[in-house]
Amino acid sequence: MPIKRSVLRARIENAGEVIGSLWPLRTFNAANPLAGFEDQPFDQAVDRARKLFGGRPYPRPATFRQAWENGEINPALLTRRLEAHGITDPPAALLERMAADDPPGDTSPADEPLDRLMTKWLAAFLDQGQADWPMPNREEGFYAAWRSVAPYDHDGPPVDSPSDLPPTLLDAFENVLTAYPEGQWESIFVQHLAALPGWVGFIKWRAQQDDHPWQAAYPISLADYLAVRLTLAKRMGRAIAPDDAEELPANGTTRPRLPALWLRAWEESYRRRLLDDLSAAADASGADEDDERPAAQMVFCIDVRSEVLRRHLEATGPYQTFGYAGFFGVPMQHERYDGVRVKSCPPIVNPRHRIAERPAPDRETQAATYDGWRRWGEAGRSLVKTLKHNVAAAFGFVEGSGGLFGAALAARTLLPSALFRATEAADARVPGPDHFCAPTVDRVPEADAEGPLPVGLSPEAKVTYAEAAFRLMGWTDTFAPVVVFTGHGCQTPNNPYKASLDCGACAGNPGGPNARVLAAICNDPDVREALRERGIDIPDDTTFVAGQHNTTTDEVTLFADPDEVEGASDTIRRLQADLETAQAETAAERVEHFRADRPDAPVDEVQRRAADWAETRPEWGLAGNAAFIVAPRRLTRDLNLNGRCFLHAYDWRSDAEGTALENIMTGPMVVGEWINTQYYFSTVDNAAYGSGSKVTQNVEGKVGVVQGNGGDLMSGLPLQSLRTDDVHVQHRPLRLLTLIQAPVGRVDAILERQNTLAQLLDNEWMALAVMDPEQDNTILRYRPGGEWTPDAAESAAPASAAG
């Protein structure tokens, strides 16, 4: 009986839900590798994922021991949780027991002949320009392309001619699935998709990108993958359907697990300390904020790395800082000066505008100078590439240029600090596009034909984005003479994971362009007038400036010449000096975590890391993230949060309808959970959910990394982004706690409307607490099922789903 396409498609889509999407390296975005399991309670989900992917569900005993010995786990909290499950042994004995029961090492990737064959062909088909000899016939799709070259594959089962293989996708499925009842198809698909979750995750992501140029040119889908794999499996005599013994349980085990109990005690210990500090800060701050006008205000990304710099900047003078998602609310595609177009908004948001960088009218001379040097550079690189790849010239080129390249190699390896200073000097002599370009904020209808997105912003869109920014931050009055929107990006050479250190809210790109767009919008007199009519009165003497925070060196660059900012020159110069002071203090704090060789010169050390092509830890990224705080800055200003908290500005008093809060909870808060879970799983089992050591990684097809010379795409973070060494973890694998300062009824109403968000909380993928200002800032904790309990009662309660 023929297979119905609609039935087959539905079964494949259902099976594909267990695999999370994997973004390519260029636009690396943090995501929960178990996103397809978020409809299940956490403990059941990780147990099911363990059976599917082989990944460890909880931290290793050695990690718990480290936290215990460092005093990170409150003994009383741990004892209560253990006793609630009838466990009375002392913690030291329990650590020994867990260590004895723990299998050595992380999950070992499977080495199946079928997997090896599939990864070879997937790497060839999905290559995005790395291979000199690309796979033929890719424009016909993965199954058709593979079928055409299968006769030449000596690693696989013998195929004399393409006609020996089913001619179409549907024929391929019929050739295999007719021996199995329809009710079994989905479990078959799940088994084969889960065998290579990295490649499958990338296929799933790419198949959803309708405008992706590589997908448009060389289409692939989960059906393509399954058709090839099932055809090969049958011809190789490999198992098609999972054994009954391997079938996945619908629910996790209910017996208590020591690691789950220890994890909850560790999480509660951190949350207890944080909430106590926030409660004390609320009592100390009082109801009203100082009405004195600050010298300058800076809006940073909510990124945990910004917390450290904000704290040190505020200590230098009368400055006020805010936290806002780093794309600054502008869903745009950024067209760089070199013509390259990149997405510059969150992965869950589609760009609505194209913003191009063009030379400012008074900067055309700088642009001409830069263009001249760029042409020389491109010509030199083109010549070198031609000589390297030309058969006749290659040997002579190597002999003649060996000394030059050897000297450059030695300099990059032995003198990274000098290289950093030389690069800075060169940039000062020939400023780049950041210094002479301005964003095309105004509508340019005649340029719309160059792409699917409108170029620039309409007057209505400008006002909408400006108002949304201030409303979401709860900031409608008291504007300083200088307001800086500060995007962020990193600086690191020879690092495939650079995008993971850039702005996640900008799809793994720097956030400076978005900051420049919002600054330009807010400097527009017509926008200010419209905002004034909507209750946001920006003084005439307020100037908006854009900047970018280099998270590797903690230097902040302001895209403004003080001499050209009327009425604010002295303020900007003072701010630049204070930012340098804050950079030094921030670098000193961060260097301690690196165990650096030169802690007496922290700025030099972070600059060295930014230029050293052999540095596996240029910075820690978002390692350590554990909480998301949605509240006015006055609540956290006097606290040292140790770079572990996302900070989103919000004032409940200016959001009577709760619209701004709902946008925060369904946007940045959810992205925070993605980041947190990726760091969690990459830490607890790096082989299954991370990407292993950077030292043995290789880039595959410009889309991802593999360990060694092939295999599955690695989906998460490298070991060096999570550990200080082979023993000590830098990232504490704790699930995210969100604290919102707002009336609990407002939060509850949002959860009633947002079922997906409530599901994350009910299934304990993250936790939520509310500091209710209408109840004297009492802290209430959300418990699965929608119940709110006072904070003290929550801290004393036993684990509800620990086993």
Side-chain angles (χ1 to χ4, degrees), residues 21 23-29 126-129 138-139 202 205-221 325-361 363-364 367 370-371 374 378 432-434 436-466 468 487 489 499 502-521 524 527 546 559 702-703:
S21 295
W23 278 259
L25 285 175
R26 180 62 188 82
T27 55
F28 184 92
N29 279 282
L126 292 168
D127 176 84
Q128 294 186 176
R138 288 194 293 171
E139 66 280 358
F202 177 66
W205 173 84
R206 211 175 88 166
Q208 296 169 343
Q209 311 305 307
D210 295 334
D211 58 347
H212 194 281
W214 288 95
Q215 177 67 7
Y218 311 122
I220 188 171
S221 65
F327 76 114
F328 296 101
V330 184
M332 67 185 226
Q333 180 189 71
H334 175 222
E335 182 179 333
R336 301 187 319 217
Y337 181 63
D338 60 6
V340 175
R341 298 175 185 177
V342 297
K343 183 178 181 179
S344 196
C345 56
I348 57 177
V349 175
N350 292 321
R352 298 181 185 175
H353 316 275
R354 175 157 58 91
I355 305 296
E357 294 284 349
R358 297 290 182 263
R363 295 284 190 274
E364 293 177 350
Y370 174 83
D371 288 342
R374 185 178 65 169
E378 289 175 349
D434 284 344
F436 60 75
C437 279
T440 54
V441 173
D442 295 328
R443 281 286 289 123
V444 187
E446 59 270 22
D448 290 354
E450 300 173 8
L453 296 172
V455 177
L457 306 171
S458 67
E460 296 79 10
K462 292 182 187 179
V463 176
T464 296
Y465 295 137
D502 279 329
C503 183
C506 300
N509 293 291
N514 296 67
R516 299 179 79 155
V517 169
L518 187 56
I521 290 173
D524 186 326
V527 171
F559 302 131
K702 296 186 179 180
V703 300

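Everything numeric in this text was worked out from a predicted model, so none of it was measured.
For the residue pair Ser344 / Asn509, no side-chain donor-acceptor distance below 3.5 Å is found, with atom types taken as modelled. The closest side-chain donor-acceptor pair between Tyr218 and Asp127, if any, does not fall under 3.5 angstrom.
Put simply, the side chain of Val463 does not reach to within 4.5 Å of the side chain of Asp524, judged on heavy atoms. Under the 4.5 Å side-chain criterion, counting only non-hydrogen atoms from C-beta, Pro513 is not in contact with Ile355. Residues Pro452 and Asp211 fail the side-chain proximity criterion, which asks for heavy atoms closer than 4.5 Å. Under the 4.5 Å side-chain criterion, counting only non-hydrogen atoms from C-beta, Glu450 is in contact with Arg354. No side-chain heavy atom of Phe327 sits under 4.5 Å from any side-chain heavy atom of Cys503. For the pair Asp371/Tyr337, a side-chain contact is recorded, criterion being any heavy-atom separation below 4.5 Å from C-beta on. The closest side-chain heavy-atom distance from Pro454 to Arg443 is below 4.5 Å.
The backbone N or O of Val349 sits less than 3.5 Å from a side-chain atom of Lys343, completing a donor-acceptor pair. When atom types are taken as modelled, the side chain of Asp502 and the backbone of Gly489 share no donor-acceptor pair closer than 3.5 angstrom. Remark: the backbone N or O of Cys437 is paired with a side-chain donor or acceptor of Arg516 at under 3.5 angstrom. Thr440 places a side-chain N or O within donor-acceptor distance of the main-chain N or O of Ala356, the cut-off being under 3.5 Å.
Under the side-chain contact (heavy atoms from CB on, under 4.5 Å) test applied with Val527, the options Ile521, Leu457, Val441 reduce to a single match, Ile521.
Take Asn29 and apply the side chain to side chain donor-acceptor pair (under 3.5 Å) test, not counting sequence neighbours, and it matches no residue. Scanning for side chain to side chain donor-acceptor pair (under 3.5 Å) contacts around Asp434 gives an empty result, with sequence neighbours left out.
Contact record, Gly329 with Tyr465: O-CD2, 3.3 Å, taken as the closest heavy-atom pair. The shortest non-hydrogen separation linking Ala519 to Ala546 is CB-N, 4.0 Å. Pairing each heavy atom of Phe28 with each of Trp23, the nearest pair is CA-CB, 4.3 Å. In plain terms, the two heavy atoms of Gly504 and Pro347 that are nearest each other are O-CD, 3.9 Å. Taking each heavy atom of Phe202 and Pro24 in turn, the nearest pair found is CE1-CB, 3.8 Å. The two atoms that bring Ala505 and Gly326 nearest to each other are CB-N, 3.8 Å, heavy atoms only.
One distance of note links CE of Met332 with NE2 of His353; it measures 10.0 Å at 0.5 Å rounding. To the nearest 0.5 Å, the span separating CG on Leu453 from CZ on Arg352 amounts to 11.0 Å. Between the CD atom in Glu357 and the NE2 atom in His334 there is a gap of 3.5 Å [rounded to 0.5 Å]. Considering CG of Leu126 and CZ of Arg206, their distance stands at 5.0 Å, rounded to 0.5 Å. To the nearest 0.5 Å, atoms NE2 (His212) and OG1 (Thr27) are separated by 7.0 Å.
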Intermediate values then yes/no, side-chain contact (heavy atoms from CB on, under 4.5 Å), Leu25 and Lys702: CA-CA 7 Å; Leu25 285 175; Lys702 296 186 179 180; over 6 Å; no
side-chain contact (heavy atoms from CB on, under 4.5 Å) between Arg138 and Trp214, intermediate numbers included: CA-CA 10 Å; Arg138 288 194 293 171; Trp214 288 95; 4.0 Å; yes
